[in-house]
Every structure is written in C-alpha cells, then in structure tokens.
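Below: one structure, written as structure tokens.
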Amino acid sequence: MIRQYIAAPSHALSPWIAHYWHWHLPDSITLPEILPGTGGELIFNQGTALLVETISLDNSIITDTQVIKVGDAFLFSPRRARIRLSPLTTSSEIKFISTRLRCGTGFPLFNLSLEELRDKPVSLHEMALKYPFPALAEIPFKLQVSQLELWLSRMLDQHLTTVSQLAQAANHLYYGEALSIVRERLALSPRTMERHIRHFIGVDARYFCRTARFQHTLRHILAGGDILDSALAYGYTDQSHFIKTCRFYTGLTPSQLFTEQYKGLHYYISPKSSARLKP
C-alpha cells in the first residue's frame with residue numbers, strides 16, 4: 001500500500017520552505033530519480049536503509065555512492081547530477097519525510113555555500129549544525145511537521161524576518177524574471193553578481209534559469225498538460241529542443257520519462273496542485 005502525505009509550511013517559513021512531504025512505500029516500488037533542481041531536499045529516513053547513487057549528467061556514470069541509515073538525515077541539492085535512491089535490502093518498506101527547500105535556502109540554513117553542497121549528498125551528522133535535527137520516528141505526520149518547523153525556525157534565526165536581497169533575487173530568477181532586470185535591481189556588475197549568487201543557488205545564473213524552465217515545464221506536463229504545448233509555453237523553440245533538454249537532465253526522452261508509473265509517483269507534486277495527498 002502506498003501512503004503519501006503533503007503539507008504547506010507556516011507563513012513565516014514560506015519564503016524558505018516549499019512544502020513537507022512523506023512517502024511510505026512497499027519494497028516493490030522503484031523510486032524515481034531526484035533530478036537536477038534549483039532548491040533541495042532534506043530527507044529524514046525512517047524505513048529501510050537506502051542506497052544513494054550520484055549520476056553525472058555528462059556521461060551517466062555513477063560518481064558517488066552512500067548509504068542513508070535508519071534515523072539519518074541527508075541534504076540533496078543536485079545541479080549537474082541525478083540522485084538515485086533504492087532500498088539496500090529487499091522485503092523492507094521505504095519510509096521517509098522530506099522538507100522541500102526553496103532556491104536560496106541552503107546558505108542561510110547551514111551557512112555553507114551551495115557550491116560546496118551541490119551534487120554530492122551530505123549527511124546532517126557531518127555538518128556543524130547549530131541545533132540537532134529532531135527525532136521524527138513513530139510520531140504522526142502532523143507532529144513531524146511541527147517538530148521540523150520548530151527546528152527550521154531556530155536554524156534560520158534572523159533570516160525568518162529578514163530575507164536577503166540575494167535570496168529574493170534567486171526566487172525572482174526561478175519564477176522567470178529576466179537576469180538583466182534582477183542584476184540591475186541589485187546594482188551589481190555581472191561578475192560580482194555571479195560570485196555572490198552562486199553561494200545561494202550553487203551554479204551560474206544562466207544554468208539556474210535553464211534548470212528552472214525545465215522544472216516548470218515538467219510540472220505543467222505532470223499536471224496534465226500536453227508535452228509539446230507545455231514546452232512551447234515555457235519558451236522551448238520546438239519539440240526537438242525540449243527532447244534534447246529532457247535527455248540532458250533525465251537521461252531519457254519525454255516518451256521514456258512520462259510513463260504511467262512516473263506520472264503516479266514523482267517529486268513534483270505541490271500542496272496547491274494536489275488534492276489526493278493530505279496530512
């Protein structure tokens with residue numbers, strides 16, 4: 001039996017957190033890959049141990065493997081890699097809760113540049129956290145969310161009330177505002193902006209915008225949109241342009257990616273677009 005829950009963050013945390021989500025799946029389920037993104041996933045493992053494989057976009061070679069033990073928490077912020085999760089042993093249920101981090105959250109939350117954190121999954125046990133992450137096992141989803149909100153509020157500290165200009169700039173870029181307009185508002189030279197913005201998003205601004213456009217298109221298709229119409233709506237010149245981009249980020253063509261299984265189990269469901277996932 002597949003159990004999925006989702007919840008929106010509190011108003012105070014909404015500039016930093018997109019949503020919280022929980023999966024409880026049988027061992028027979030194949031987890032979809034975590035594709036290159038613009039934000040991050042903070043996954044707290046509560047089920048079987050999970051094998052984590054990092055796959056390079058350049059050549060589809062596995063560049064790193066790790067194990068998430070039961071009770072451990074990992075930060076995933078892939079930019080130029082895909083992340084594959086799979087149960088380490090058979091006949092064990094997959095169970096975890098995740099906090100979806102918005103773009104620009106990693107630096108204020110952990111005080112580490114996203115250039116350091118991107119692509120390679122990082123255990124929270126390896127970070128010098130100001131406050132230990134909460135124990136979430138064997139408590140209801142709503143209580144898990146409450147515990148995470150308390151911890152995240154303490155971790156973000158003064159950022160809860162003062163969102164920096166660069167964090168705001170990252171979100172403006174994510175939602176399609178022109179790079180030139182964002183740069184002009186910040187009154188920064190192209191080189192200075194790139195140097196500063198990389199701390200918040202992990203990559204250069206143009207690659208970030210390219211990834212954001214693919215994400216928006218992916219969400220539109222998974223919400224029921226036609227593949228070609230969705231691609232054209234988000235600025236792809238033609239079908240071949242989108243196919244090439246899809247292969248770059250996923251290793252698959254759109255027809256290979258958008259299977260019925262993938263449409264039913266993917267990472268792009270949000271509280272606003274989902275009626276069937278409830279806390």
Side-chain angles (χ1 to χ4, degrees), residues 2 4 21-101 103 106 110 112-127 133 201-203 207-208 210-211 214-215 218 222 244-269:
I2 296 176
Q4 302 169 294
W21 55 278
H22 169 94
W23 281 359
H24 189 170
L25 312 171
D27 65 292
S28 57
I29 292 291
T30 299
L31 288 169
E33 291 180 351
I34 301 176
L35 301 177
T38 53
E41 297 289 353
L42 204 51
I43 289 182
F44 300 81
N45 188 25
Q46 301 170 297
T48 184
L50 296 172
L51 175 66
V52 184
E53 298 172 303
T54 303
I55 305 166
S56 170
L57 293 189
D58 295 330
N59 48 29
S60 295
I61 291 175
I62 296 173
T63 58
D64 183 72
T65 59
Q66 297 188 54
V67 173
I68 308 181
K69 298 178 181 178
V70 179
D72 201 356
F74 266 69
L75 172 67
F76 297 89
S77 49
R79 295 295 184 268
R80 298 184 182 276
R82 308 192 307 271
I83 305 294
R84 181 185 297 149
L85 301 176
S86 56
L88 200 59
T89 59
T90 58
S91 69
S92 298
E93 292 182 319
I94 301 163
K95 186 179 181 182
F96 55 79
I97 182 172
S98 181
T99 300
R100 173 72 53 83
L101 306 179
C103 57
F110 300 112
L112 291 170
S113 170
L114 254 292
E115 285 191 285
E116 297 179 54
L117 298 175
R118 75 177 197 195
D119 293 335
K120 183 178 179 179
V122 182
S123 169
L124 265 62
H125 286 303
E126 297 175 4
M127 294 186 185
F133 61 85
I201 61 179
V203 289
Y207 181 84
F208 176 85
R210 178 188 177 191
T211 306
F214 180 68
Q215 283 189 316
L218 205 59
L222 291 168
K244 182 179 179 180
T245 303
C246 187
R247 287 183 65 93
F248 173 76
Y249 283 111
T250 71
L252 302 170
T253 65
S255 60
Q256 292 170 326
L257 177 66
F258 295 112
T259 62
E260 288 304 312
Q261 181 179 354
Y262 188 74
K263 289 178 181 178
L265 192 70
H266 55 81
Y267 298 109
Y268 292 90
I269 297 173

Atom pair CD1 (Ile94) and OG (Ser92), whose distance is rounded to the nearest 0.5 Å: 9.0 Å

Contacts of type side chain to side chain contact (heavy atoms under 4.5 Å, CB included), residue Leu252, not counting sequence neighbours: Thr250, Gln256, Leu257

Results of salt bridge (Lys or Arg N to Asp or Glu O under 4.0 Å) for Glu126 - residues two or more places apart only: none

Min side-chain heavy-atom separation Thr253-Arg247 under 4.5 Å: yes

Residue list, side chain to side chain contact (heavy atoms under 4.5 Å, CB included) with Pro32, at least two apart or on another chain: Trp23, Tyr262, Leu265, Tyr267

Exercise: identify the closest heavy-atom pair between Thr48 and Asn45: O-ND2, 3.0 Å

Set of ring-ring contact (aromatic ring centres under 6.0 Å, His included) partners for His22, sequence neighbours left out: Tyr5

Among Asp119, Ile55, Val52, Leu35, the one residue meeting side chain to side chain contact (heavy atoms under 4.5 Å, CB included) with Ile83: Val52

pair Leu114-Arg79: side-chain heavy atoms closer than 4.5 Å: yes

Atom pair OG1 (Thr30) and CZ (Arg84), whose distance is rounded to the nearest 0.5 Å: 10.5 Å

Separation between OG1 of Thr89 and CG of Leu51, rounded to the nearest 0.5 Å: 11.0 Å

Shortest non-hydrogen separation from Gly39 to Ser77 and the atoms involved: O-CB, 3.9 Å

Arg80: salt bridge (Lys or Arg N to Asp or Glu O under 4.0 Å) partners, not counting sequence neighbours: Asp204

For Pro36 against Ala81, the heavy-atom pair lying closest together: CG-O, 3.3 Å

Side chain to side chain, Gln46 and Ile97, heavy atoms closer than 4.5 Å: yes

Results of ring-ring contact (aromatic ring centres under 6.0 Å, His included) for Phe110 - residues two or more places apart only: none

Straight-line distance of Leu85 CG to Ile34 CD1, nearest 0.5 Å: 4.5 Å

Test item: Arg210 and Val203 side chains (from C-beta on) under 4.5 Å apart, heavy atoms: no

Pairwise ring pair (Phe, Tyr, Trp, His ring centres under 6.0 Å) hits with a residue in residues 33-63, at least two apart: Phe44-Phe133

By salt bridge (Lys or Arg N to Asp or Glu O under 4.0 Å) - contacts of Arg82 (at least two apart): Glu33

Validation row: Ile68, Phe96 side chains within 4.5 angstrom (heavy atoms): no

Within-4.5 Å side-chain heavy-atom neighbours: Val67 and Asp72: no

Contact list for residues 53-82, test ring pair (Phe, Tyr, Trp, His ring centres under 6.0 Å), sequence neighbours left out: none

Under 3.5 Å: donor-acceptor pair, side chain of Arg118, backbone of Gly202: yes

Ile2 side, atom CD1; His24 side, atom NE2 - distance, nearest 0.5 Å: 11.0 Å

Arg100: partners by side chain to side chain donor-acceptor pair (under 3.5 Å), with sequence neighbours left out: Glu41

Within-4.5 Å side-chain heavy-atom neighbours: Leu222 and Lys263: yes

More than 12 heavy atoms from other groups under 6.0 Å of NZ on Lys95: yes

Those residues that, when tested against Glu115, pass salt bridge (Lys or Arg N to Asp or Glu O under 4.0 Å) (two or more places apart): Arg198

Any donor-acceptor N/O pair, Tyr249 side chain to Thr211 backbone, under 3.5 Å: yes

Candidate pair Leu75 and Met127, rule side-chain contact (heavy atoms from CB on, under 4.5 Å), full reasoning: CA-CA 10 Å; Leu75 172 67; Met127 294 186 185; 3.9 Å; yes

Side chain to side chain contact (heavy atoms under 4.5 Å, CB included) against Thr63, all qualifying residues, sequence neighbours excluded: Thr54, Ser56

pair Phe214-Thr38: side-chain heavy atoms closer than 4.5 Å: no

